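In what follows, a structure is listed as structure tokens, so that the remarks can point back to it.
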Amino acid sequence: MKQETKCIQAGYEPKNGEPRMIPIIQSTTFKYDTSEDMGKLFDLEVSGYFYTRLQNPTNDMVAAKICALEGGTAAMLTSSGQAATFYAIFNLAGAGDHVVASSTIYGGSFNLFNVTMRRMGIEFTFVDPDCSDEELEAAFRPNTKAVFGETIANPALIVFDIERFAKAAHAHGVPLIIDNTFATPINCQPFKWGADIVTHSTTKYMDGHDATVGGCIVDSGNFDWAAHADKFPGLTTPDESYHGITYVERFGKEGAFITKATAQLMRDLGAIPSPMNAYLLNLGLESLAVRMQRHCENAQKCAEFLEASDKVAWVNFPGLPGNKYYERAQKYMPNGTCGVISFGIKGGRPAAEKFMKKLQVAIIATHVADAHTCVLHPASSTHRQMTDEELAAAGVPADLVRLSVGIENVDDIIDDLRQALAD
Ligand SMILES: *Cc1c(COP(=O)(O)O)cnc(C)c1O
């Protein structure tokens with residue numbers, strides 16, 4: 001099946017007389033005839049459902065669709081993108097371990113790593129995604145357990161060289177984890193370029209309608225944990241909290257990572273989405289391919305309009321031929337990147353504030369990557385406590401406007417930008 005067809009059909013095949021849509025199994029528990037039957041589930045001897053904190057059929061069907069879209073072997077939904085990022089790392093690294101991460105990842109991921117996970121005893125080295133080979137090499141330590149990057153960084157719009165980082169990770173016997181939120185599997189499938197695990201904030205394009213917060217983790221099934229058994233004892237030695245199961249032996253490299261994350265992290269931490277939210281996410285997934293195409297077309301036209309405007313100082317969009325990441329975007333995402341653009345307005349902070357006030361079609365929101373065109377001026381909202389000098393040092397200059405182009409008629413969006421930029 002092609003991606004467009006998987007968006008509609010993957011993950012759930014109704015049998016004779018069954019509902020066409022994924023059923024919402026809004027039940028915390030599942031009934032069994034004997035305690036022995038249930039005991040087999042607890043021992044992971046047979047697969048099935050017993051309590052929704054660990055697994056729910058609706059959630060699993062939606063995860064299976066995302067798994068098919070990414071070309072993976074196993075997947076799980078989480079209650080947020082943050083939970084997906086946390087689980088993906090914590091499933092491999094604990095106190096005393098180390099992770100190499102791109103320095104330009106989403107701010108929420110950066111804070112999770114640099115503050116919260118450091119407090120758990122995990123060390124992080126942040127590397128510039130365009131660093132030299134020597135710098136990348138120097139980032140690895142004997143206790144490094146994973147490398148983490150973002151296909152298209154939110155909000156810096158830096159395109160990550162997945163193939164290069166996958167090679168470096170594998171040379172050190174560790175997997176590459178890619179946050180594929182902005183590209184989605186419609187525009188980029190990181191597994192094709194050597195990534196081992198993919199995470200998503202499904203809150204963004206996958207849901208696509210501002211309806212549900214959620215996340216997903218997908219395993220490519222390619223990473224050979226057993227070949228690096230000393231680095232990943234959690235996967236390659238018996239789990240005493242699960243009756244001595246060794247995940248790699250029982251579930252193979254195709255299933256070990258997700259089974260462990262479900263059995264241990266969902267069991268103990270419980271960041272599970274509600275089945276109702278998974279159902280809503282599935283509605284978004286059904287139109288993901290057509291929406292992404294429209295997001296990219298609209299963003300391309302908006303970026304070209306902004307670049308040609310004499311009111312605009314600079315435009316950052318990887319789909320523009322002059323962009324620093326244009327060539328790399330063509331390699332990894334030949335059909336388009338995403339709908340997010342950042343640009344600077346001539347006249348700095350006051351001009352940007354005036355522009356924001358005049359917008360009518362584009363709404364002001366701290367969200368990105370959904371059907372509605374929305375804008376954010378960090379200097380007067382999320383970063384308003386900072387001076388212009390501090391903003392420039394943080395890479396968020398006072399004139400920066402982040403525009404998330406929606407799927408409205410592009411002429412309406414451009415007309416709105418034009419009138420808001422006019423004197
Ligand atoms: C929003 C976002 C996240 C966090 O996801 P939530 O669903 O908000 O928890 C992670 N990564 C990227 C790239 C994001 O844009």
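Small disclaimer: the values here were computed from a predicted structure and weren't measured. Count residues from 1 along the sequence. Every number for a ligand or one of its atoms is a count from 1 in the order of the listing.
The existence of a salt bridge linking Lys253 and Asp219 is excluded, since no basic side-chain nitrogen approaches an acidic carboxylate oxygen closer than 4.0 Å. Checked for salt-bridge contact, Lys145 and Asp97 meet the test: a charged N lies under 4.0 Å from a carboxylate O. Arg328 has a carboxylate O that lies under 4.0 Å from a charged side-chain N of Asp130, or vice versa, which qualifies the two as a salt bridge. Salt bridge status for Asp388 with Arg349: present, with a side-chain N to carboxylate O gap under 4.0 Å.
For a threshold of 3.5 Å applied to N or O pairs, the pair formed by Val213 and ligand 1 contains no separation below that value.
Atoms of ligand 1 lying under 4.0 Å from at least one heavy atom of Asn154, given by number and element, are 14 (C), 15 (O). Counting the atoms of ligand 1 from 1 in the order shown, those under 4.0 Å from a heavy atom of Gly214 are 7 (O). For ligand 1, the atoms closer than 4.0 angstrom to any heavy atom of Gln82 are 4 (C), 5 (O), 6 (P), 9 (O).
Distances from ligand 1 to the non-hydrogen atoms of Ala369 include no value under 4.0 Å.
For the pair Lys6 and Tyr12, the cation-pi criterion (under 6.0 Å, within 45° of the ring axis) is not fulfilled.
Side-chain N/O atoms of Ser380 and Arg384 include no donor and acceptor closer than 3.5 Å. Between the side chains of Glu390 and His383, no donor-acceptor pair is found at a separation under 3.5 Å.
Looking only at heavy atoms of the protein, atom 11 (N) of ligand 1 is closest to Asp179 OD2, 2.7 Å. Distance from atom 3 (C) of ligand 1 to its nearest protein heavy atom, with residue and atom name: Tyr106 CE2, 3.3 Å. Annotation: atom 2 (C) of ligand 1 to nearest protein heavy atom, Lys204 NZ, 2.5 Å. Here the protein heavy atom with the shortest distance to atom 8 (O) of ligand 1 is Ser201 OG, 4.1 Å. Closest protein heavy atom to atom 7 (O) of ligand 1: Thr203 OG1, 2.6 Å.
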